[in-house]
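A short write-up of the structure that comes next.
Since we're looking at a predicted model, the values are computed, not measured. This chain uses plain numbering: 1 for the first residue, then up along the sequence.
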Amino acid sequence: QVQLVESGGGLVQTGGSLRLSCAASGQTSSPYSVGWFRQAPGKEREFVGAISWSGRGRTYVDSVKGRFTITRHNAQNTVYLEMNNLKPEDTAVYYCTANPRNTLVQTAADFASWGQGTQVTVSS
């Protein structure tokens, strides 16, 4: 199983940028896709985007398309979520998660491993 640790969250003004990192350890030699989710206070966990093992497959929720980009460096066992033009509604705890079937699913239940989350706060 893959273990994940997120980092890079923080406080940023509207229109600013952040890059979140998701460092993997454990069974990282087997292919797995990685998803990013977020959860705002009082709301359900929301799918943000996902990337396949090769990096050629990516999918995003409509609200972040054109602003967020997911990339990965398998040699470093790290996946990144680059967030630009941030808005107050992007404020949430962001989680990365691994899918050992390496499919681009968008449902939290389809993912097997979760990090502890990193807080992103966008001030208006």
(message) Hydrophobic clustering (ILVMFWY, side-chain heavy atoms < 4.5 Å, transitive) - are Leu104 and Ile70 grouped together?
(response) no
(request) Would you please indicate if the ring centroids of Tyr32 and Trp53 are separated by under 6.0 Å? (result) yes
(message) To the closest 0.5 Å, what do you measure between CZ (Arg38) and CD (Gln119)?
(response) 12.0 Å
(request) Identify the two heavy atoms, one from Ser33 and one from Ser52, that lie closest to each other, and give their separation to 0.1 Å. (result) CB-CA, 4.0 Å
(request) Measure the OG-CZ distance between Ser63 and Phe47 for me, rounded to the nearest 0.5 Å. (result) 10.5 Å
(request) Give a yes or no on whether the backbone of Ser7 and the side-chain of Thr118 come within a donor-acceptor separation of less than 3.5 Å. (result) no
(message) Using the side-chain hydrogen bond (donor to acceptor under 3.5 Å, both in side chains) criterion, which residues pair with Gln3? Sequence neighbours excluded.
(response) none
(message) Show, in sequence, the C-alpha distance, side-chain angles and deciding distance for Tyr94 and Leu18, and conclude whether the side-chain contact (heavy atoms from CB on, under 4.5 Å) test is met.
(response) CA-CA 12 Å; Tyr94 283 71; Leu18 280 175; over 6 Å; no
(request) Rounded to the nearest 0.5 Å, what's the gap from CG on Asn99 to CD1 on Ile51? Could you check? (result) 13.5 Å
(message) Checking Arg67 now: which residues fulfil salt bridge (charged side-chain N to carboxylate O under 4.0 Å, His left out) with it, not counting sequence neighbours?
(response) Asp90
(message) Tell me whether Ser54 contacts the main-chain N or O of Arg56 through its side chain, where contact means a donor paired with an acceptor under 3.5 Å.
(response) yes
(message) Tell me the closest heavy-atom pair linking Pro100 and Ala112, and the distance in Å.
(response) CD-CB, 3.8 Å
(request) Could you list all the disulfide (SG to SG under 2.5 Å) pairs where at least one residue sits in residues 85-124, not counting sequence neighbours? (result) Cys22-Cys96
(message) A side-chain contact here means heavy atoms from C-beta on lying under 4.5 Å apart; do Thr71 and Arg58 qualify?
(response) yes
(message) Check the orientation of Phe111 and Phe37. Use parallel for under 30°, tilted for 30 to 60°, and perpendicular for over 60°.
(response) perpendicular
(message) Tell me the closest heavy-atom pair linking Leu20 and Gly9, and the distance in Å.
(response) CD2-N, 3.5 Å
(request) For Thr91 and Thr121, indicate whether the former's side chain and the latter's backbone hold a donor-acceptor pair under 3.5 Å. (result) no
(message) Distance check, rounded to the nearest 0.5 Å: Ser25 atom OG versus Gln1 atom CD?
(response) 10.5 Å
(request) Check side chain to side chain contact (heavy atoms under 4.5 Å, CB included) between Gln116 and all other residues, then give those that pass, not counting sequence neighbours. (result) Val5, Glu6
(request) Kindly compute the distance separating CG (Leu4) from OH (Tyr95), expressed to the nearest 0.5 Å. (result) 13.5 Å
(message) Just to verify, what does Tyr60 make a ring pair (Phe, Tyr, Trp, His ring centres under 6.0 Å) with, not counting sequence neighbours?
(response) none
Between side-chain atoms of residues 78-85 and protein atoms elsewhere (two or more places apart, or another chain), which donor-acceptor pairs fall under 3.5 Å?
residue : atom : partner : partner atom : Å
Thr78   : OG1  : Gln76   : O            : 2.9
Asn84   : OD1  : Ser17   : OG           : 2.8

(request) Over all heavy atoms of both residues, which pair between Asp110 and Arg101 is shortest? Give the atoms and the distance, please. (result) O-NH2, 3.0 Å
(request) Go through the side-chain N and O atoms of Ser123 and Gln13 and say whether any donor and acceptor fall under 3.5 Å apart. (result) no
(request) Rounded to the nearest 0.5 Å, what's the gap from OG1 on Thr14 to CD on Glu89? Could you check? (result) 8.0 Å
